[in-house]
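As structure tokens, the structure follows; a few thoughts come after it.
Throughout, a chain's letter reflects where its sequence line sits, starting with A, and its residues are numbered from 1. Values below: every heavy atom of this structure, side chains too, minus hydrogens, waters and symmetry copies.
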2 protein chains.
Amino acid sequence: MTSLSPSDAAQEPSATQRAYLAIRRMILTGELAPGEKLKIENLRQILDMGGSPIREALTLLVSDLLVERLDQRGFRAAEISPQNFAEILKLRCQLEETALRESLGNANPAWEDKLVISHHRMMREPRENVERFEELHKTFHMTLIEACQSPVLLKFCSQLYDLNIRYRYLAGKALNYSSRDIGKEHTDIMNAAVDRDADKACRLLLDHYRNTGAFLEKHFVAEAAE
Amino acid sequence: MTSLSPSDAAQEPSATQRAYLAIRRMILTGELAPGEKLKIENLRQILDMGGSPIREALTLLVSDLLVERLDQRGFRAAEISPQNFAEILKLRCQLEETALRESLGNANPAWEDKLVISHHRMMREPRENVERFEELHKTFHMTLIEACQSPVLLKFCSQLYDLNIRYRYLAGKALNYSSRDIGKEHTDIMNAAVDRDADKACRLLLDHYRNTGAFLEKHFVAEAAE
DNA sequence: GATCTCAGGAAAATCGATATTATTTCCGAA
DNA sequence: TTCGGAAATAATATCGATTTTCCTGAGATC
């Protein structure tokens, strides 16, 4: 090991990684619309790099279910549908309940500290910084289940989280959760987790998801009727 | 639509697809050992194609959890471990139970026909044709849960199936199931499914998986002690 | 008038070469 | 002898160009 400057983890990310994160962000936020054709040439110009990293990034996104590959006709952003949304919500509830129970079973002080910190950071972040907030929000939810000792399960949960958040972005600014206190919901979940009260934590977590789900679904119906 | 020759689905697959299937097969069967470095140049020569399709295939396999990507040091076949094996078994049992119950709930005559056919084909295939048999075996198990109306869940189950079968191949020819009648187990599962008896079908299916799991685990322990 | 066929153009897939980045080897100094 | 470091080597990551494939629309045929 040679130079240990204060921020040594700050090594230049690969082009593939940059492309992956950029395209993923664009799909999640809706900047690239569902079903939209993703032309290599376009993305090349936007991201200013060769075709290979773009293709590789798109290939990665295919297995995240955010991009669909059409035989030899390139890629497109994955389609959305009420069925798909319902499916994701359902699977998420089932998998996260499992993960949360196991996580609480294996919980240790280091994990607890990490959870409290992630909660704190999320609560402090102004909701206006939407993307930054969503990042911290995901970190909080993933930390909750992180101690479950099952990397594959965590991977599935992470994927499902992203698929779900995409619908939240797409529902868009119209969203107003005025009738709910999201902050309190998170705090209650954290407290139940810290108390190692698995039943309560699961109940709160699933309500949290299902309420948001019902909210979004209502939004879709309203939109479809316009 | 133009020419509908008897075998019209026989269009030339893309290089990427060929590479994907070939490398996947080599990893599943153990031809490429766990942890082994996967050098682009080697694979290029074996598969006789350029580097791009190889990279793309490897990228696809990363998200199947069959290949690991190391920062900027290329790819290697995923490692194996008893923990990983146990995790896969556990997740598989949970997800397939869910899927099977929903599948039986949505079952219709067309699905039932398909199930019977897939069972028949599997039973007819000589066990000597290992790879062909395994293909039919997977088809049978996937058909069981296919009516569950949840593409994401099916994808997860398919991935977990492949991860599991890899361990079966690795345990290798040493396997002898003499104390069990695998054929009968499959037939019983199918019959319970045809009867729409979800409880029974799930019980039999999970026993089927867990028995095989216990068998393999025993094998690993024996191997580690050598 | 409708369908079919065949260019022409656009895009994707793939290749070969180059630039980057890790790893190994070898040499000199402590 | 051992440690460190610099050059040599090997492999990856990326690019630009070529080949292949698909899509479009104009003209011909039924």
Name the pairs: protein N/O against N/O of nucleotides 10-12 of chain D, kept only if under 3.5 Å.
from: dA11(D); atom 1: OP1; to: Lys39(B); atom 2: NZ; distance (Å): 3.2

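- To the nearest angstrom, C1' of dT21(D) lies 16 Å from CD of Gln17(B).
- Regarding Leu43(A), its CG atom lies at a distance of 13 Å from the P atom of dA11(C), rounded to whole Å.
- Between the CD atom of Glu68(A) and the C1' atom of dA12(C) there is a distance of 17 Å, rounded to whole Å.
- DNA chain C lies under 4.0 Å from no heavy atom of any residue of residues 47-54 of chain A.
- With contacts defined as side-chain heavy-atom distances shorter than 4.5 Å, the pair Lys114(B)/Glu146(B) qualifies.
- Which of dT14(C), dA13(D), dG16(D) sits closest to the side chain of Ser14(A) comes down to dA13(D).
- Every residue was checked against the side-chain hydrogen bond (donor to acceptor under 3.5 Å, both in side chains) condition with Arg92(A), not counting sequence neighbours, and none meets it.
- Judged as a ring pair (Phe, Tyr, Trp, His ring centres under 6.0 Å), the pairs with a partner in residues 59-111 of chain A (not counting sequence neighbours) are, in order, Phe85(A)-Tyr167(A), Phe85(A)-Phe220(A).
- Every residue two or more places apart in sequence or in another chain was checked for a side-chain hydrogen bond (donor to acceptor under 3.5 Å, both in side chains) with Arg166(A), and none qualifies.
- The ring pair (Phe, Tyr, Trp, His ring centres under 6.0 Å) pairs that include a residue from residues 43-70 of chain A number zero, where partners must be two or more places apart or lie in different chains.
- With sequence neighbours excluded, the residues forming a side-chain hydrogen bond (donor to acceptor under 3.5 Å, both in side chains) with Gln94(A) are Thr98(B), listed by chain and number.
- Applying the side-chain hydrogen bond (donor to acceptor under 3.5 Å, both in side chains) test to Glu102(A) and every residue at least two apart in sequence or in another chain returns Lys90(B).
- The salt bridge (Lys or Arg N to Asp or Glu O under 4.0 Å) analysis of residues 29-43 of chain B, with sequence neighbours excluded, yields the pairs Arg25(B)-Glu31(B).
- Atom OH in Tyr20(B) sits about 19 Å away from atom C1' in dA13(C), given to the nearest Å.
- Taking 4.0 angstrom as the limit, Thr16(A) places a side-chain polar atom (N or O) nearer than this to OP1 or OP2 of dT14(D).
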